[in-house]
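Proteins come first, then strands; the chains are lettered A, B, ... in the order of their sequence lines, and each starts at number 1. In what follows, every heavy atom counts, from backbone to side chain, and hydrogens, waters and symmetry copies are set aside.
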Amino acid sequence: MNLEEILFPENLEEADRIQAALLPKLKLIPLKKKPKMIAAADAAFSEHQVIAGVCLFSFPELELLETRVAVEPLTFPYRPGYLSFCEGPAIFKAISRLKHKPELLLLDGQGIAHPRKMGLATFIGILLEIPSIGCAKSILVGQFQDPRIKKGNYSEIVYRGEIMGYALRSRTGAKPIFISPGHLITPQESLNLIQLCLSEYRIPEPLRQAHFLSQKIKLAHL
DNA sequence: GCGACAG
DNA sequence: ATCTTGTCGC
């Protein structure tokens, strides 16, 4: 199965085959090296296009080093459980355009906290063979206790008896965000690294910047 | 069958 | 995600 076939399934059945075929490649092992460069990616949409933006930062300083974008036609409409086929092509291309190679990827969506453990972060992490973390604004599957109101508190996301990630209070008083490992990283490391990326807002700074970037490029295309 | 459902 | 202004609260 080549890259083209993986990124562009013709229907849900093919998408299922692809997710099942990639699952054996998933490895939730400790990071081999402390990341010095991390990249965050997000996507914006117009009627028939997906606009992906990726921002690369030094870590842990979080100084912006590089940004890239990619605008691709929307070939697969969004459906819960299949986000990677909707945003994946554009995000994959944007990340591929980076001159520097990130040692960790942050994606706007789930990692293994997914019905088939194949959320956007896991999917992209496996395709690029780069450690990745999923950071979503809402839950897809699993149960969790509401973390206490103060920033820094968290609780486990449990699905089918397994800990798939954490609900994290990233800002005092705000709704929690949902962290799950994507690939080549552990749940605990994922939580720790995301906390190191928090500023005064609910969304981790790298992802906020990627969001602004894709939004800005989208407007420029209108 | 009913309800849930990343972006 | 996207369509959209002001407004209530810490």
Nearest to side-chain heavy atoms of A/Leu140, which nucleotide of B/dC5, C/dT2, B/dG7: B/dC5

Within 6.0 Å of CZ in A/Arg79, more than 12 heavy atoms from elsewhere: yes

Heavy-atom donor-acceptor pair, A/Ser190 side chain to A/Ile133 backbone, under 3.5 Å: no

Value in whole Å for how far the P atom of B/dA6 lies from CD1 of A/Ile157: 13 Å

Interatomic distance where CG belongs to A/Asp108 and P belongs to B/dA6 [whole Å]: 12 Å

Touch class at under 4.0 angstrom, heavy-atom based, for A/Phe85 against every strand present: nothing

Near-strand residues of residues 192-205 of chain A, defined as heavy-atom separation under 4.0 angstrom from DNA chain C: none

Shortest non-hydrogen contact from A/Lys151 toward A/Thr172: N-OG1, 3.1 Å

Under the ring pair (Phe, Tyr, Trp, His ring centres under 6.0 Å) test, residues paired with A/Tyr154 that sit two or more places apart: A/Tyr166

A/Gln209 side chain vs A/Pro206 backbone, donor-acceptor pair below 3.5 Å: no

Spacing of A/Leu207 atom CG relative to C/dA1 atom P, expressed in whole Å: 12 Å

Partners passing side-chain hydrogen bond (donor to acceptor under 3.5 Å, both in side chains) against A/Asp16 (at least two apart in sequence or in another chain): A/Tyr82

Test item: A/Ser84 and A/Ile124 side chains (from C-beta on) under 4.5 Å apart, heavy atoms: no

Value rounded to 0.5 Å, distance of OG1 in A/Thr122 from CD in A/Gln19: 10.0 Å

Rounded interatomic separation in angstrom, taking CD from A/Glu47 and C1' from C/dA1: 13 Å

Distance-minimising heavy-atom pair for A/Leu31 and A/Leu193: CD1-CD1, 3.7 Å

Any A/Ser138 side-chain N or O less than 4.0 Å from OP1/OP2 of B/dC5: no

Mutual orientation of the aromatic rings belonging to A/Phe144 and A/Phe178 [parallel < 30°, tilted 30-60°, perpendicular > 60°]: perpendicular

Residue pairs, two or more places apart or on separate chains, that pass ring pair (Phe, Tyr, Trp, His ring centres under 6.0 Å) and touch residues 19-52 of chain A: none

Contact list for DNA chain B against residues 110-121 of chain A - heavy-atom distance below 4.0 Å: A/Gln110, A/His114, A/Gly119, A/Leu120

Touch class at under 4.0 angstrom, heavy-atom based, for A/Gly81 against every strand present: base

Value in whole Å for how far the P atom of C/dC10 lies from CZ of A/Arg171: 13 Å

Whole angstrom value for the distance that separates C1' of B/dA6 from CZ of A/Phe45: 11 Å

A/Lys137 NZ - C/dT2 C1' separation (whole Å): 13 Å

Over 12 non-hydrogen atoms of neighbours within 6.0 angstrom of CD in A/Gln188: yes

A/Tyr78 over B/dG7, stacked by centroid distance under 5.5 Å, angle under 30°: yes

Whole-Å gap separating P (B/dA6) and OH (A/Tyr166): 22 Å

Residues in contact with DNA chain B, drawn from residues 209-222 of chain A - heavy-atom cutoff 4.0 Å: none

